[in-house]
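Reading through the structure tokens given below for one structure.
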Amino acid sequence: MSNKRKRIDLIYQGITYAAASVAVIVLSMIFIYVFTNGSGLLNFGLITTDYHAKFYNSGIQEVDQFSTAPRPDNLGEDTYYSEKWGIALADSEDREGKLVITVEYVSEDSPLKNLMYDKNSEDEKPIQLEEGDILGTIKFNDKGSALSIYGAKNMLDELDEEDTFREMVFYTKGGGIRGSIITTLYLIGLTMLLALPIGVFTAIYLNEFAPINRFTNILRSMIEVLTGVPSIIFGLMGLAVFVPLTVKYTPADSGNIISGAMTLAVILLPVIIRSTEESLKVVPDAFRQASLALGANETQTTFKVVLPSAIPGILTATLLAIGRVIGESAALIFAIGTAIKDDISIFGKSTSLAVHIWSLMTDEPANIELASTIAVIILIIVLALNLLVKLVSKKFTKKFD
Amino acid sequence: MNNVFNIKNLDLFYDDFQALKNIDLDVEKNKVTALIGPSGCGKSTFIRCLNRMNDLIPSCKIEGNIQYHKEDIYDDNYDVIGLRTDVGMVFQSPNPFPMSIYDNVAYGPRCAGNKNKDKLDKIVENSLKKAALYDEVKDRMNDSAMGLSGGQQQRLCIARAIAMEPEVILMDEPTSALDPIATLKIEELINDLKENYTIVIVTHSMQQAARISDKTAFFLMGELIEVDETDKIFTQPSNQKTEDYITGRFG
């Protein structure tokens, strides 16, 4: 008998261990995949720079004094250096995976740093070549142009033979996700501004004031049904209702951040209502009774006693909701659009981080590296939010526990 | 006649179940009235009628007449908020709000619209002094009330009720969750309080009723069996059921 009990015990424990390990393995596989693919591109340049490269068309005055700086020691073997012009070039790939020539180093006394001017501006304002820029073509006065497809060495050799050139086309690296990050932050802020008050007050109504009858029961089950509706359907609603609405009443002329935030707010309402109601439910009735017995009315009881006690729960709900905003893509494709933008306006099209991933993966060929890097950034943001909310709710509970 | 409450023919139903049957009882001013009886006899239900806390239970239905200073408190136009400020309540288990000690005591006056900081300070200090808690907490008024011991928490709840300057304090088994020493302190406190307040206390302990009350009412199965001076109830009860109960033959 006791042997049988032991065996059954072992089997049940084994099942729980196995299930837990499957969960851990799957999670760590996702993390490892995303991090190994994405960590290569991860740097602050990616976060702070524009997605669309800026093109410069530059010319140069007559050069009296060429560079004299020797080749720096820290340049790699595949990097070519011109002592005359004081620049180092290398063949590499940009963030979209195309072969390009990148500027690895520009010396302090390089003519390209001091003498170049912008051909596109009317007053020929000075510009400079910077490390990280990508060289397109150099057009010379008395011979054919040096093109980037022939590689860094060829371009540098051609440049070394000449004392001046007619035109140099270079551009910033691009592929940065600054715009998508700003859009995501806007979305979080606006969505919470819309969804939190409505959600929390609805939950308060349902839990504290609503009479127990058919109507409230129907309302409750409708809210429950809404949590299960696929978000793409909300996206359709956003396209059909919120986009025309914002186009009519704001300067927007198509999908925009406000219509996106409205759509997300609708998606999040049931989530916020449900979890706020749950946290209101666990507030002990003793608090309500004590408050009422002191001659406080229902409103005072709710807002002075019940709601403060439910704040840790509401914070958790907020965290969940923000996670949803960051992760949501299907609905936003309709409600904002998929245009990747650098100049963000809440009345304009743009794209959130999650939709940015979607855009990159639907490109031909798919840019898995950059997509993974954005995934890493999303993971980091969610993790940071998690810690923040834990800290805040800990502070709240510590104070009164 | 110096009665605060006059209760006549009170019947109370939870749906179909009749929890109180034809109760007649008068509560005298500045006296401690103890309600005793076995569990489920309706004494807690009865005390909750006196400040209309039973309003919170939707299935609860009341018939009969409860007069507070000759006014029917179940009249549709009766000011319930006003009743509850005049008739304070202390509950079975200590239930301070998850706020600071100061805010707990100041809660009632604040809800009543008292915002003057100096006045509130005075009310809080006086209430805590009357509840014999001031010396223990005067250096940590801004600490959470949840950090107090059970007995201190219950005295804080009494202070919270006193802060409203009520006439009557209802106590629903205020010491049932406390240890003997904390219980003793609360009992001493009740003895002090009856100078200024009318107290109605529900208790499971007959010794407690005998120690602190002036009048005792014995409830059984929703009926008020007997009400009289405490000395008389415990020495020569006029009803056989009361005698059986206080001598420990049942309950």
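Throughout, a chain's letter reflects where its sequence line sits, starting with A, and its residues are numbered from 1.
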Is atom [atom1] of [X] surrounded by more than 12 heavy atoms (other residues, nucleotides or ligands) closer than 6.0 Å?
X      : atom1 : answer
A:K281 : NZ    : yes
A:I212 : CD1   : no
A:D9   : CG    : yes
B:K194 : NZ    : yes
B:E195 : CD    : no
B:K122 : NZ    : no
A:F209 : CZ    : yes
A:F201 : CZ    : no

Check whether [X] gets within reach of chain A through its side chain, its backbone, both or neither, counting any heavy atom under 4.5 Å.
X      : value
B:V87  : backbone
B:P109 : neither
B:L56  : side chain

Fill in: Interatomic spacing from CD1 in B:I81 to CD in A:Q300 - rounded to 0.5 Å
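Spacing of CD1 (B:I81) from CD (A:Q300) equals 7.5 Å.
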
For [X] and [Y], work out which heavy atoms get closest and say how close.
X      : Y      : result
A:L292 : B:R84  : O-CD, 3.1 Å
B:F97  : A:L294 : CE1-CD1, 4.1 Å
B:R48  : A:Q289 : NH2-OE1, 2.8 Å
A:K304 : B:M99  : O-CE, 3.5 Å
B:Y107 : A:A296 : OH-CB, 3.8 Å

Fill in: Largest heavy-atom contact set with chain B, pairs under 4.5 Å, which of A:A286, A:P308, A:S309
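Among the listed options, the one with the most contacts to chain B is A:A286.
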
Worksheet item: Residues of residues 150-166 of chain B under 4.5 Å from chain A (heavy atom pairs)?
Response: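 B:R160, B:A161, B:M164 fall under the 4.5 Å cut-off.
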
